[in-house]
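Only one structure is covered here, and it is reproduced in the block below.
The first residue in the sequence is number 1, and the count goes up from there. In each ligand, atom 1 is the first atom listed, and ligand 1 is the first ligand listed.
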Amino acid sequence: MYHDFNYEATLASSLKGAWQLDDVLRSDQDLDFSRNFMPESLARTAALTSLSADEQRTLNQISAHQYLTIFGVVEEFILPFLVDHARPHLLGDDWRVRAILNFASEEAKHIHLFKRFHAAFVRGFPVECQMIGPSDAIGAEVLRHDPLSVGLLILMIEWMTQGHYLGSIRDDGDLDPLFKSLMRNHWIEEAQHAKLDTLIVDALAEGRSEEEIERALDGFFEIGAFLDKGLEAQAGFNLDALEKVIGRKLDDREAILAQQHQAARWTYIGSGMVHERVKATLEAISPRAAARVAEAAPLFA
Ligand SMILES: [Fe+2]
Ligand SMILES: [Fe+2]
């Protein structure tokens, strides 16, 4: 076995580490708009030398608005996926049933928390930032695929949050402390989710032929391409918001758009594709699938 995850231990860790919304952000707390919200390794806004320092910070904050929005969207399809996955086996293994329902409940809490942060963002930011959606239409498009395709995508998303916090957020002292706390608390609970996703993918892949796994991977790439189109559209909305705040059109808008789209590709897709745990799961279910993902990964770097 390539891991030692199990439902009982994961549930125990989840119950021990659980937090309440007010531990992370009370509804009357405000974000500090004099600071960056996102680590540079994800936002890549300090690299835009045609922008002043203030403009870079504004775009960094818009990139954080995107983070809230994108995670809102993905957690809204993770929730029904989990409920559907649990439903046929409610009378089976008690640890499994409780671990998956607890996972679903935490994801509902995260949706709630991201909305609370979004409200705080809207209160403090001078213009409206448009977002892709509606989220239920995005969710329906994702969920029409084979559950193994969706399971692999969710596996990647949950491990990538581990990379986001561990790789860049923990050591970045310059961020708004409330945003940092969001990332940290999300990371704590997602650590258990990612293990459960591994068990879910193992179960969904069990007994499938190499050909069936290949087809599920085709579905995974289809969803990835669909989400990538959404990220490109979102990058455009982000620059619209930036232009409104700074009161001028960007001369090099096309170049900034491409650079910011690439930053989002890395944040929401690429950083999951190259995560060691994702690679290990792919290797275990099909080395051919692992090779296909490794081949595509540089596009999202
Ligand atoms: Fe979450
Ligand atoms: Fe999660």
Side-chain angles (χ1 to χ4, degrees), residues 3 5 7 9-25 37-38 42 64-86 96-119 121 131 135-136 138-139 142-143 147 149-167 169-170 178-204 220 223 227 267-269 271-273 275 277-278 281:
H3 62 77
F5 308 149
Y7 291 111
T10 307
L11 178 65
S13 301
S14 272
L15 296 176
K16 221 188 293 166
W19 40 259
Q20 302 303 314
L21 291 199
D22 285 354
D23 300 335
V24 189
L25 182 75
F37 293 171
M38 291 291 282
L42 301 180
H65 174 271
Q66 165 177 266
Y67 199 87
L68 299 172
T69 305
I70 301 291
F71 269 94
V73 166
V74 302
E75 303 211 330
E76 280 178 31
F77 67 70
I78 294 176
L79 181 55
F81 174 81
L82 291 171
V83 174
D84 288 348
H85 185 73
R96 178 185 178 280
V97 173
R98 291 183 57 205
I100 294 179
L101 292 182
N102 180 64
F103 176 0
S105 160
E106 286 180 350
E107 222 59 281
K109 181 176 72 179
H110 297 176
I111 292 169
H112 198 169
L113 180 68
F114 278 105
K115 281 184 190 160
R116 190 177 274 191
F117 266 87
H118 188 259
F121 186 95
M131 49 178 128
S135 56
D136 54 348
I138 296 175
V142 172
L143 292 171
S149 309
V150 182
L152 283 167
L153 178 86
I154 295 174
L155 174 84
M156 189 179 84
I157 291 168
E158 313 248 32
W159 281 121
M160 85 177 48
T161 65
Q162 301 302 289
H164 290 174
Y165 180 69
L166 290 174
I169 292 151
R170 190 179 44 187
L178 289 169
F179 226 91
K180 207 164 168 174
S181 156
L182 167 73
M183 300 286 193
R184 200 181 79 82
N185 283 287
H186 198 220
W187 164 71
I188 289 171
E189 292 191 347
E190 296 293 311
Q192 305 312 319
H193 297 182
K195 293 178 194 168
L196 292 173
D197 290 322
T198 306
L199 294 167
I200 290 171
V201 166
D202 287 349
L204 290 170
F220 165 85
I223 304 171
L227 294 178
T267 303
Y268 304 102
I269 300 174
S271 58
M273 287 173 111
H275 195 285
R277 291 290 196 175
V278 175
T281 292

### Task
Specify whether an N/O/S atom of H186 falls short of 2.8 Å from the Fe ion (ligand 2).
no
### Message
With carbon and hydrogen excluded and only N/O/S kept, which atom of H110 is nearest the Fe ion (ligand 1)?
### Response
ND1
### Message
Restricting to N, O or S atoms, which atom of E75 is closest to the Fe ion (ligand 1)?
### Response
OE2
#### Entry: Parallel, tilted or perpendicular, as decided by the 30° and 60° cut-offs, for the rings of W159 and F5
tilted
### Task
Using modelled atom types only, decide if a donor and an acceptor are shared between the side chain of N102 and the backbone of R98 within a distance under 3.5 Å.
no
### Query
Are any of the side-chain heavy atoms of F37 and F121 separated by less than 4.5 Å?
yes
### Message
If you consider just the N/O/S atoms, which atom of E107 is the closest one to the Fe ion (ligand 2)?
### Response
OE2
### Message
Tell me which N, O or S atom from H193 is the closest to the Fe ion (ligand 2).
### Response
ND1
### Message
Determine whether the aromatic ring centres of residues Y165 and H186 are separated by less than 6.0 angstrom.
### Response
no
### Query
How many angstroms lie between CD in E106 and CG in L82, if you round to the nearest 0.5 Å?
10.5 Å
